[in-house]
2 protein chains.
Amino acid sequence: MKYIEKLRNSGLRPTKQRLQICEVLFDRDKTFHFTINELERKIKKQTDSKISLATVYNTVHAFEKKGYLKQIPINSSETYFDTNVTDHHHFYDLKEEKLIDLENSDVGPINILKKINGKKIKSVEVLVKLED
Amino acid sequence: MKYIEKLRNSGLRPTKQRLQICEVLFDRDKTFHFTINELERKIKKQTDSKISLATVYNTVHAFEKKGYLKQIPINSSETYFDTNVTDHHHFYDLKEEKLIDLENSDVGPINILKKINGKKIKSVEVLVKLED
DNA sequence: TGGTAGTTTATAATGATTCTAAAAAAGTGT
DNA sequence: ACACTTTTTTAGAATCATTATAAACTACCA
């Protein structure tokens with residue numbers, strides 16, 4: 001399994017559940033935007049085994065802490081995560097309630113002119129809301 | 001009262017509760033970032049009367065729909081609102097969990113090069129996360 | 001193989017938000 | 001001011017995402 005090393009290197013034991021979640025999350029061409037509940041449904045569909053909801057939460061948070069997933073800042077009742085952990089941005093289609101990646105190269109350079117005393121910029125994220 | 005007309009013009013009856021909430025929200029120099037619970041505490045402090053939590057929710061949502069408040073897209077357990085409804089952006093101080101306004105003029109022009117078929121851009125919001 | 005630290009799990013607890021339905025207040029016409 | 005309709009407020013219940021708990025299980029290492 002290609003994910004066993006990845007997990008071990010992060011100090012996470014490669015359990016059956018984590019490996020299954022890795023497959024659902026990372027065996028993809030395109031990046032994947034999801035909520036915990038969408039992920040749980042996908043796991044049920046792709047694998048026969050059932051993974052406890054608590055484990056899905058635990059694993060997603062563990063992967064986020066290790067930098068394999070990113071939260072997407074957006075107002076929604078459920079938290080959205082992204083398998084694309086590079087610096088990039090998002091469209092949010094308000095009607096369809098769908099997220100679309102917006103690569104850094106598709107946004108002109110962003111220059112933050114205001115400085116805050118004693119603070120460093122950790123990230124700059126752009127959310128572009130779309131309507132019809 | 002200066003808010004009576006504003007409410008009536010929006011089709012909202014100027015009730016005692018709404019007028020009190022207007023005062024807490026809008027009688028300010030600087031813009032105000034808040035969660036429902038922070039607002040409720042502020043109402044309790046500034047006015048002697050107690051406004052039901054449900055009313056605070058109703059009112060904030062009514063004001064948002066009328067365009068007097070904006071939700072701030074950010075991942076937090078509570079929803080943040082902003083009395084500054086002009087196009088602008090935010091710093092988010094991760095340690096202090098505080099929002100700071102970032103005016104449009106403090107951000108270089110943002111040029112979204114990617115176009116989505118049949119969709120118009122409604123808003124462009126930047127969230128700049130700060131660390132020490 | 002045994003021990004221990006890390007994981008999974010079902011379930012309970014929490015906390016923000018929304019719903020409900022009855023009481024109160026505001027608006028309208030007389 | 002009065003009767004009537006509509007909107008609003010309210011306390012409390014319901015909902016829903018997320019987190020906590022603590023017991024059973026599993027991976028790892030000596």
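The figures that follow rest on heavy atoms only: side chains count, while hydrogens, waters and symmetry mates do not. Below, chain A is the first sequence line, B the second, and so on; all start at residue 1.
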(message) Taking 4.0 Å as the cut-off, does a side-chain nitrogen or oxygen of Arg18(A) come that near to OP1 or OP2 on dG6(C)?
(response) no
(request) Mind calculating the distance between CZ (Phe63(B)) and P (dT8(D)) to the nearest angstrom? (result) 11 Å
(request) Using whole Å, report how far CD of Gln20(B) lies from C1' of dT10(D). (result) 15 Å
(message) Between Asp27(A) and Lys2(A), does any side-chain N to carboxylate O distance fall below 4.0 Å?
(response) yes
(request) Please say whether more than 12 non-hydrogen atoms of neighbouring residues, nucleotides or ligands are located less than 6.0 Å from NZ in Lys42(B). (result) no
(request) Heavy atoms under 4.0 Å is the rule here; annotate nucleotides 16-30 of chain D 5' to 3' with B where the base is hit, S where only the sugar-phosphate is, and - elsewhere. (result) -SBBB------BS--
(request) Using atom CG of Asn75(A) as one end and atom P of dT18(C) as the other, report the distance to the nearest whole Å. (result) 12 Å
(request) From the options Leu25(A), Thr35(A), Ile36(A), select the one residue that forms a side chain to side chain contact (heavy atoms under 4.5 Å, CB included) with Phe81(A). (result) Ile36(A)
(request) Kindly determine whether His89(A) and Asn104(A) satisfy side chain to side chain contact (heavy atoms under 4.5 Å, CB included), including the steps that lead there. (result) CA-CA 7 Å; His89(A) 310 291; Asn104(A) 242 327; 3.2 Å; yes
(request) Rounded off to whole Å, could you give me the CZ-to-P distance for the Phe34(B) and dA16(C) pair? (result) 16 Å
(request) Round to a whole Å and report the spacing from NZ of Lys65(B) to P of dT18(C). (result) 11 Å
(request) Give the rounded distance in Å between these two atoms: CD of Gln17(B) and C1' of dA11(D). (result) 14 Å
(message) Rounded to whole Å, how long is the line connecting atom CG of Leu12(B) with atom P of dG27(C)?
(response) 11 Å
Can you pull every protein N or O that's under 3.5 Å from an N or O on nucleotides 13-15 of chain D?
none

(message) Just checking Lys114(B): does its NZ atom have more than 12 heavy atoms from other residues, nucleotides or ligands closer to it than 6.0 angstrom?
(response) yes
(message) If you compare all heavy atoms of Thr86(B) against all heavy atoms of Lys70(B), which two are closest, and at what distance to 0.1 Å?
(response) O-NZ, 3.2 Å
(request) Output yes when at least one side-chain N/O atom of Lys50(A) is less than 4.0 Å from OP1 or OP2 of dA10(C), else no. (result) yes
(request) Before accepting this row, confirm whether a basic side-chain N of the pair Asp132(A)/Lys120(B) lies closer than 4.0 Å to the acidic partner's carboxylate O. (result) no
(request) Indicate yes or no: at least one non-hydrogen side-chain atom of His88(A) is less than 4.5 angstrom from one of Thr31(A). (result) no
(request) Is it possible for you to check whether Lys6(B) lies under 6.0 Å from the centre of the six-membered ring of Tyr68(B), through NZ or CZ, and within 45° of that ring's axis? (result) yes
(request) State which of dT9(D), dA10(C), dA11(D) makes the closest approach to the side chain of Thr55(B). (result) dT9(D)
(message) Just the rounded figure in Å: distance from P of dT7(C) to CG of Leu19(A).
(response) 12 Å
